[in-house]
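Report on the structure given below.
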Amino acid sequence: MIAKALLAEIGHEYANTRKILQKIPFDKFDWKPHDKSMSLGELSTHLAALPQFITSTLTTDELDLSKPAYPHEDFDTVGQLLVSFDGHVAGAKEVLANAGDDEFNKMYVVRKGGQVYFNLPKMVVIRSFAISHAIHHRAQLQVYLRMLGIPVPGFYGPSADEI
């Protein structure tokens with residue numbers, strides 16, 4: 001029951017994420033709006049990798065940030081980035097579809113070595129750190145594209161560029 005609801009939610013949210021990832025100008029991957037900001041490429045790559053967090057949350061009990069969480073991916077085209085994103089979404093959907101309701105109540109720990117950042121039910125981790133986290137970075141990406149003069153897609157209705 002929980003998995004079915006989450007599958008519907010990520011189906012909607014990740015379709016929106018894909019719409020904005022398609023707009024990324026690969027020739028501007030190194031661009032950043034501020035020295036303290038991620039580059040367009042770093043932000044896009046991070047956003048494309050986030051569905052893996054659903055998979056790891058449901059298949060492990062912790063994430064230690066002192067170790068690499070996922071293999072680093074480099075892309076030569078936006079098409080490659082989209083293929084990677086689509087694969088991560090498919091993997092997340094498969095793991096979700098096979099998870100029973102009890103799995104979502106198990107605790108998940110995020111730490112960096114001995115420092116624990118949080119210990120929350122997997123359901124909360126998925127909603128906060130996989131779905132809401134993606135929405136946050138998608139909004140950042142929308143601002144980046146606006147600053148570059150690239151029309152942005154709407155997510156919950158048409159954007160100003162689509163009206």
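As the structure is a computational prediction, the values presented were derived from the model and not from experiment. Counting begins at 1 with the first residue of the sequence.
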Closest non-hydrogen atoms of T55 and T59, given as atom of the first, atom of the second and distance, are O-OG1, 2.7 Å
Working note: R138 + Q142, criterion side chain to side chain contact (heavy atoms under 4.5 Å, CB included); need CA distance, chi angles, decisive distance, verdict.
CA-CA 6 Å; R138 196 171 68 205; Q142 192 174 33; over 6 Å; no
Answer yes if the ring centres of F129 and F118 are under 6.0 angstrom apart, and no otherwise.
yes
Is there a side-chain contact between L63 and S56, using heavy atoms and a 4.5 Å cut-off?
no
Could you go through H12 and Y156, starting from their C-alpha distance and side-chain angles, then the distance that decides it, and tell me whether this counts as ring pair (Phe, Tyr, Trp, His ring centres under 6.0 Å)?
CA-CA 10 Å; H12 175 76; Y156 307 108; 5.8 Å; yes
Does any N or O in the side chain of S84 come within less than 3.5 Å of the main-chain N or O of Q80, such that one atom is a donor and the other an acceptor?
no
Quiz question: by atom type and distance under 3.5 Å, do the side chains of Q140 and H46 form a donor-acceptor pair?
no
Under 6.0 Å from the CD atom of E9, do we count more than 12 heavy atoms belonging to anything else shown?
yes
Is the shortest side-chain heavy-atom distance between Y14 and I54 below 4.5 Å?
yes
Any side-chain heavy atom of L21 sitting closer than 4.5 Å to one from L141?
yes
Hey, which of N119, V109, V116 is the one that makes side chain to side chain contact (heavy atoms under 4.5 Å, CB included) with E62?
V109
How close do F85 and P51 get, heavy atom to heavy atom, and via which atoms?
CE1-CG, 3.8 Å
Does G154 offer a backbone N or O that forms a donor-acceptor pair with the side chain of E162 under 3.5 Å?
yes
Intermediate values then yes/no, side chain to side chain contact (heavy atoms under 4.5 Å, CB included), L58 and N98
CA-CA 10 Å; L58 289 173; N98 292 312; over 6 Å; no
Looking at A99 and A3, what are the two nearest heavy atoms and their distance?
O-CB, 3.9 Å
Hey, are the side chains of Y144 and S44 touching, using non-hydrogen atoms and a 4.5 Å cut-off?
no
Take N16 and I135, measure what side chain to side chain contact (heavy atoms under 4.5 Å, CB included) needs, and give me the verdict at the end.
CA-CA 9 Å; N16 282 332; I135 293 167; over 6 Å; no
Please determine whether the number of non-hydrogen atoms from other residues, nucleotides or ligands lying under 6.0 Å from atom NZ of K28 exceeds 12.
no
Is the side chain of D101 donor-acceptor paired with the backbone N or O of M1 at a distance under 3.5 Å, no angle test?
yes
Taking all heavy atoms of P121 and all of N105, pick out the closest pair and write down the distance.
CB-O, 4.2 Å
Closest heavy-atom contact between L145 and P25?
CD2-CD, 3.8 Å
Passing candidate, salt bridge (Lys or Arg N to Asp or Glu O under 4.0 Å) with D161, options K23, R146, K19:
R146
When you compare the side chain of L40 with that of L43, does any pair of heavy atoms fall below 4.5 Å?
no
Establish whether L65 and M38 are linked, either directly or via other cluster members, by ILVMFWY side-chain heavy-atom contacts under 4.5 Å.
no
Within the 4.5 Å heavy-atom criterion, are F155 and I20 side-chain neighbours or not?
yes
Testing the 3.5 Å rule here: is there a donor-acceptor pair between the side chains of S132 and H136?
no
So, do D102 and K106 sit near enough that their side-chain heavy atoms are less than 4.5 Å apart?
no
Heavy atoms, side chains only, cut-off 4.5 Å: are I10 and I126 in contact?
no
Evaluate the criterion side chain to side chain contact (heavy atoms under 4.5 Å, CB included) for residue pair V110 and Y108; output intermediate values, then yes/no.
CA-CA 7 Å; V110 172; Y108 190 80; 3.8 Å; yes
Exceeds 12 heavy-atom contacts within 6.0 angstrom, atom CG of D30
no
Main-chain N/O of A49 paired to Q52 side chain as donor or acceptor, under 3.5 Å:
yes
